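Report on the structure given below.
What you are looking at is a predicted structure, and each value in this text was computed from that prediction instead of being measured. Note that ligands are numbered from 1 as they come in the structure, with each ligand's atoms numbered from 1 the same way. Computed over heavy atoms, backbone and side chain alike; hydrogens, waters and symmetry mates excluded.
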Amino acid sequence: MRTWGNALQNGRVVDCEDMGNAFDFSLERLTGQGIPGGLESAGAGGEVSSGRLAGGLAGLESGAYVDNVGGKALAGTFFLETFGCQMNDHDSEKVAGVLLSRGYRQVDSPDTAAVILYNTCSIREKAAQKIFSRLGEYRFTKKEGQVIGVLGCLAQQEGEEIFERAPWVSLVCGSASYRKLPQLIAQLEAGNTRITGLETDTDETFETEMTRRDNPWRTYLTIIEGCDKACSYCVVPFTRGPERSRASASVLAEVRQLADLGYTEVQLLGQTVNSYADPSARRMRFSELLAAVAAVPGIRRVRFMTSHPRDFGKDIVEAIEAVPALCDHVHLPVQSGSTTLLRAMARTYTREEYLEKIAMLRGAKRRISITTDLIVGFPGETPKDFEETLSLMDTVRYDGAFSFKYSPRPNTPSLQMEDAIPEEEKSRRLAILQARQRDIQIERNARLVGDVFEVLVEGKSRRENQWMGHTSCNRVLNFTSPVKELLGHYVQVRVTRAGPNSLAGEAVHAGDAR
Ligand code: 5AD
Ligand code: SF4
């Protein structure tokens with residue numbers, strides 16, 4: 001059963017000192033959050049010799065990978081830890097599905113696993129550091145025959161370099177190659193010591209027969225992988241490759257299956273989800289796909305993340321107006337309020353064009369929550385540019401924002417840009433921006449006191465009668481209800497108190513039938 005703590009984390013990996021407090025999750029962070037952590041240089045040592053690995057695996061069936069690791073019977077077990085964004089969370093669900101279907105068993109601790117996998121994030125330097133530091137832990141403790149694999153964005157970005165920095169790693173695989181994971185693991189089983197899957201040119205999206213989903217009511221569904229936008233600071237186009245959309249019929253078929261399994265909320269995922277381009281003859285527009293997903297019997301809520309402002313058209317707002325199951329929340333990262341910086345970031349819109357999109361959303365017949373991502377300290381950001389970001393925040397009055405210090409990343413055009421902003425100045429600006437956003441959230445949330453929201457109940461407190469869930473506008477609402485079992489139900493809740501990051505209230509009608 002879900003408990004209070006992890007339910008609050010649901011949908012987002014919260015582990016970042018750079019990150020401002022939005023309410024629940026963000027999605028251009030699909031790519032993840034920066035994570036503090038000391039870098040340990042992973043030197044030589046701990047190498048897995050071909051002979052040892054082959055010997056340990058000889059004659060074993062798939063899924064009975066290593067039957068005796070470090071003297072313990074760990075046959076066919078894997079441990080998987082995920083860093084970063086929802087996209088990674090969901091990829092991990094698929095990776096777990098693939099391994100489970102091959103007879104592996106998932107365990108909670110790396111100590112009891114034959115195969116240890118890290119699904120990684122490299123969006124900011126600290127995220128990458130954290131993972132190298134985690135890998136460093138195995139330098140002396142890796143058990144004989146244990147397999148350590150690095151998946152995801154850092155794997156794609158660093159490639160075989162990872163073997164240099166952490167020679168005890170034997171598998172490095174980027175997200176575009178997950179489909180091949182069973183074969184890659186089979187190669188390790190066959191005696192190979194180092195295996196990589198690093199292509200990004202596949203035109204397939206990662207679909208699997210079996211995906212192990214972590215939340216029994218709310219589910220992710222990737223409709224577009226990769227990114228073609230080439231923002232000058234961003235590694236995603238390098239780590240996740242070009243945009244590939246999934247055929248609308250395949251998306252809808254999966255939604256129907258998920259509804260049959262009892263899921264009532266679907267989150268459509270993509271780095272730039274609204275750039276969706278149906279590759280099938282049907283040529284369904286993104287807004288049409290939203291409506292079609294919402295029309296699947298049993299589906300009560302549809303979310304989508306992250307939207308790129310350039311491709312955010314009126315048709316999406318009209319779909320939200322027309323279809324009640326489409327949630328009243330749009331995550332629309334702006335990054336900066338200065339047109340000069342937006343140009344340097346290659347964001348493809350000006351401040352004014354962005355504000356036109358906001359006006360369109362604010363003018364909708366339904367009240368729509370708007371959240372964003374912001375970067376401070378991009379090279380050349382003058383005090384005036386920064387002021388423009390603050391003034392844009394004052395104009396838009398976001399319901400939530402994720403904010404980050406600019407982090408120079410390998411391969412990105414902004415790496416070559418001059419006028420780097422000193423770290424202390426970035427921190428100073430970030431603190432100012434976060435304080436401003438906090439005040440805005442306090443004010444906006446306070447206005448919701450007295451309103452009634454429908455909440456999908458996702459968590460139960462250890463304390464009697466205390467529950468938590470999300471509103472359609474994606475706020476966390478903690479509430480009281482004497483009803484004994486509410487998990488997975490939709491409940492009407494009146495807001496009685498508001499904080500900067502969440503609301504509190506009491507159930508009006510105890511859980512309706514699903
Ligand atoms: N430095 C800081 N923040 C970044 N983001 C992406 N790349 C960087 C970077 N190099 C932020 C953007 C994006 C979110 C997912 O992460 O705000 O929307
Ligand atoms: Fe988002 Fe730009 Fe990175 Fe694409 S390149 S994921 S649009 S920040």
Atom 2 (Fe) of ligand 2 to nearest N/O/S of C234 less than 2.8 Å: no
Atoms in ligand 2 flagged as close to [X], the criterion being non-hydrogen separation under 4.0 Å:
X    : value
H308 : 7 (S)
T272 : 7 (S)
Y233 : 8 (S)
R347 : 2 (Fe), 7 (S), 8 (S)
P237 : 5 (S)

How about E160: does its CD atom have over 12 heavy atoms from other parts shown lying under 6.0 Å from it?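 Counting other residues, nucleotides and ligands, CD of E160 stays at 12 neighbours or fewer.
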Any R240 heavy atom less than 4.0 Å to ligand 2: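 It does not, in that no heavy atom of R240 comes within the 4.0 Å cut-off of ligand 2.
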Residue portion contacting ligand 2 (non-hydrogen atoms closer than 4.0 Å) for P333: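 The answer is neither.
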Below 4.0 Å, non-hydrogen atoms only: which portion of C227 touches ligand 2? Side chain, backbone, both or neither. side chain
Considering distance alone, does some N or O of R409 sit under 3.5 Å from an N or O of ligand 1? no
With heavy atoms only and a cut-off of under 4.0 Å, state how I375 meets ligand 1: side chain, backbone, both or neither. side chain
Between F404 and ligand 1, find which residue part has any heavy-atom pair under 4.0 Å and reply side chain, backbone, both or neither. side chain
Given H470, Q267, E265, the one that forms side-chain hydrogen bond (donor to acceptor under 3.5 Å, both in side chains) with R303: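 Output: one option passes, namely E265.
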Answer yes or no: is there an ion pair linking D394 with R436, defined by an N-O contact shorter than 4.0 Å?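 A salt bridge is present here (some side-chain N lies under 4.0 Å from a carboxylate O).
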Electrostatic pair R366:E321 at N-O distance under 4.0 angstrom: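 No, R366 and E321 are not salt-bridged.
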Which atoms from ligand 1 have a heavy atom of Y406 less than 4.0 Å away?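 Ligand 1 atoms under the 4.0 Å threshold to Y406: 1 (N), 2 (C).
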Passing candidate, side-chain contact (heavy atoms from CB on, under 4.5 Å) with M345, options C231, P413, S338, S336: S336
Which one of K405, Q271, Q335 has a non-hydrogen atom at the shortest distance from atom 2 (C) of ligand 1? K405
If the plane angle is over 60° it's perpendicular, under 30° parallel, otherwise tilted; pick one for Y354 and Y398. tilted
Can you confirm if the NZ or CZ of R124 lies within 45° of the ring axis of F404 and under 6.0 Å from the centre of its six-membered ring?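 Yes, a cation-pi geometry.
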Mind checking what makes ring-ring contact (aromatic ring centres under 6.0 Å, His included) contact with F312, not counting sequence neighbours? none
Please name all residues satisfying ring-ring contact (aromatic ring centres under 6.0 Å, His included) with Y276, sequence neighbours left out, ordered by chain then number. none
